[in-house]
Amino acid sequence: MGYLLSKENFSKIGEFIYRKSGIYLEEEKHFDKLAKFVDSRAKALGIDNFRKYFFKLRFEDKEGEEFQELMNAITVNETYFFREKDQFEVLVNSILPELHKRLPASKPIRILSSPCSTGEEPYSIILHIVEEGKVVEERDIEVVGIDIDSSVIEKAKIAKYSDRAIHAIPKNILKKWFVKKKIGYQLGDDLNGTVDFQVANVFDKTQMRNLGKFDVIFSRNMLIYFDDASRKEVAMTFYDMLNPGGYVLLGHAEYMSRIVSVFKARKIDKTLIYQK
Ligand SMILES: C[S@@+](CC[C@H](N)C(=O)[O-])C[C@H]1O[C@@H](n2cnc3c(N)ncnc32)[C@H](O)[C@@H]1O
């Protein structure tokens with residue numbers, strides 16, 4: 001027996017996903033995954049054809065629960081601690097000292113990890129900040145992590161990590177801040193809960209505005225799943241969310257200059273950062 005989803009309908013649901021999340025799915029690569037998802041959701045909902053499922057998803061999903069199921073199924077959440085580590089070093093050695101000097105002492109420095117997946121990126125930021133120690137001794141630093149996938153945010157809140165997730169953390173740092181469990185590692189009580197994790201979609205203007213203004217935005221390895229129009233929209237959203245002089249850091253394969261020209265590119269050592 002075939003799938004409920006046909007090749008023709010793939011483009012309809014693909015277009016809906018693209019419009020709502022910016023994620024562009026290619027039929028050749030993603031058909032089977034999406035078709036299996038539609039079959040399993042239709043079965044769970046007692047629906048026997050694609051048209052009814054798609055109607056439910058578009059028009060009867062007032063609380064956004066079905067859309068959330070869809071997002072949780074299609075996103076790619078690959079991440080690990082200390083990934084693209086040079087950027088965390090630039091953060092603590094150059095960006096934070098500069099912001100600390102420039103911003104009024106009473107103002108917390110705010111850092112956004114968008115997207116944060118299961119929390120390895122924002123907790124890598126925190127680990128670098130506490131290990132470096134100087135700025136955090138003198139002022140509050142807030143770290144917020146957002147992701148469209150609610151299942152990764154739930155995991156981030158628990159902060160239990162596999163051996164693979166922690167493989168790049170130096171042994172002395174791992175020993176200091178994590179507790180070894182039978183399987184994997186638990187982030188210790190001193191740091192667990194220091195990131196404010198929230199489910200949010202970078203294309204949802206209200207959700208993004210409600211997060212407030214930031215001094216640094218990490219947005220690594222998400223824009224690669226978008227097309228140029230969506231990348232541009234997200235880059236401008238980040239621009240609006242940054243305080244004057246604030247910074248954006250992208251993944252190693254992502255370049256702001258190919259997307260928008262509103263940021264000034266700066267190179268610190270070998271790391272490219274973008275300033276408002
Ligand atoms: C490959 S992970 C990157 C995680 C981390 N930044 C890193 O570089 O290790 C990409 C994440 O982007 C999230 N994502 C995709 N589209 C999104 C959107 N429209 N809004 C927020 N998060 C999104 C996915 O759920 C996924 O967890």
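Because the structure is a prediction, the values reported are computed rather than measured. Order of listing sets the numbers, starting from 1, for every ligand and every atom in it.
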Next on the checklist: Closer than 4.0 Å to some heavy atom of Ser117 - which atoms of ligand 1 meet that?
Outcome noted: 4 (C), 27 (O)

Item to check | Heavy atom of the protein closest to atom 9 (O) of ligand 1 (residue, atom name, distance) | outcome: Thr79 OG1, 2.6 Å

Item to check | Atoms in ligand 1 flagged as close to Thr75, the criterion being non-hydrogen separation under 4.0 Å | outcome: 24 (C), 25 (O)

Checklist outcome for this item: In this structure, atom 24 (C) of ligand 1 is nearest to the protein heavy atom Asp147 OD1, 3.4 Å

Checklist entry - Ser21 heavy atoms, cut-off 4.0 Å: which ligand 1 atoms fall inside? => result 19 (N)

Checklist entry - To which protein heavy atom is atom 15 (C) of ligand 1 closest, and what is the distance rounded to 0.1 Å? => result Ile23 CD1, 3.8 Å

Checklist entry - If Ile, Leu, Val, Met, Phe, Trp and Tyr residues are connected whenever their side-chain heavy atoms lie under 4.5 Å apart, and connections chain through other members, are Ile13 and Phe55 in the same group? => result no

Checklist entry - Which protein heavy atom lies closest to atom 2 (S) of ligand 1, and at what distance to 0.1 Å? => result Val76 O, 3.4 Å

Checklist entry - Do Glu120 and Thr79 get their side chains close enough for a donor-acceptor pair, meaning under 3.5 Å? => result no

Checklist entry - For ligand 1, which part of Phe203 has a heavy atom less than 4.0 Å away: the side chain, the backbone, both, or neither? => result side chain

Next on the checklist: Less than 4.0 Å is my threshold; does some heavy atom of Ser219 fall inside it relative to ligand 1?
Outcome noted: no

Checklist entry - Which atoms from ligand 1 have a heavy atom of Ala200 less than 4.0 Å away? => result 20 (N), 21 (C)

Checklist entry - atom 5 (C) of ligand 1: which protein heavy atom is closest, and how many Å away? => result Glu121 OE1, 3.4 Å

Item to check | For atom 14 (N) of ligand 1, the protein heavy atom that lies nearest, with its residue and separation | outcome: Ile148 CG2, 3.8 Å

Checklist entry - Should the pair Phe178 and Tyr161 be assigned to parallel (<30°), tilted (30 to 60°) or perpendicular (>60°) ring geometry? => result perpendicular

Checklist entry - Do the ring planes of Phe54 and Phe50 sit parallel (below 30°), tilted (30 to 60°) or perpendicular (above 60°)? => result parallel

Checklist entry - In terms of side-chain heavy atoms, does Thr75 have a donor or acceptor partner in Asn77 at a distance below 3.5 Å? => result yes

Next on the checklist: Between Tyr225 and Ser230, does the side-chain hydrogen bond (donor to acceptor under 3.5 Å, both in side chains) criterion hold? Intermediate values first, please.
Outcome noted: CA-CA 10 Å; Tyr225 299 103; Ser230 305; over 6 Å; no

Checklist entry - Parallel, tilted or perpendicular: which fits the ring planes of Tyr80 and His167, with parallel below 30° and perpendicular above 60°? => result tilted

Item to check | Considering all heavy atoms, the nearest Val202-Ser114 contact | outcome: CG1-OG, 3.3 Å

Checklist entry - Do Tyr123 and Phe197 have ring centroids that are under 6.0 Å from one another? => result yes

Checklist entry - With atoms numbered from 1 as shown, which atoms in ligand 1 lie under 4.0 angstrom from a non-hydrogen atom of Asp149? => result 25 (O)

Item to check | Protein heavy atom at shortest distance from atom 7 (C) of ligand 1 | outcome: Arg83 NH1, 3.3 Å

Item to check | Tyr24 atom OH, neighbour heavy-atom count above 12 within 6.0 Å | outcome: no

Item to check | Interfacing atoms of ligand 1 (cut-off 4.0 Å, heavy-atom, Asn201) | outcome: 18 (C), 19 (N), 20 (N)

Next on the checklist: Between Asn72 and Ser150, do the side chains contain a donor N or O and an acceptor N or O under 3.5 Å apart?
Outcome noted: yes

Item to check | atom 11 (C) of ligand 1 [closest protein heavy-atom partner, distance rounded to 0.1 Å] | outcome: Pro115 CG, 3.5 Å

Item to check | ligand 1 contacted by Gly22 (non-hydrogen, < 4.0 Å) | outcome: no

Checklist entry - Looking at Arg220, which atoms of ligand 1 are within less than 4.0 Å of one of its heavy atoms? => result 3 (C), 5 (C), 6 (N), 7 (C), 8 (O)

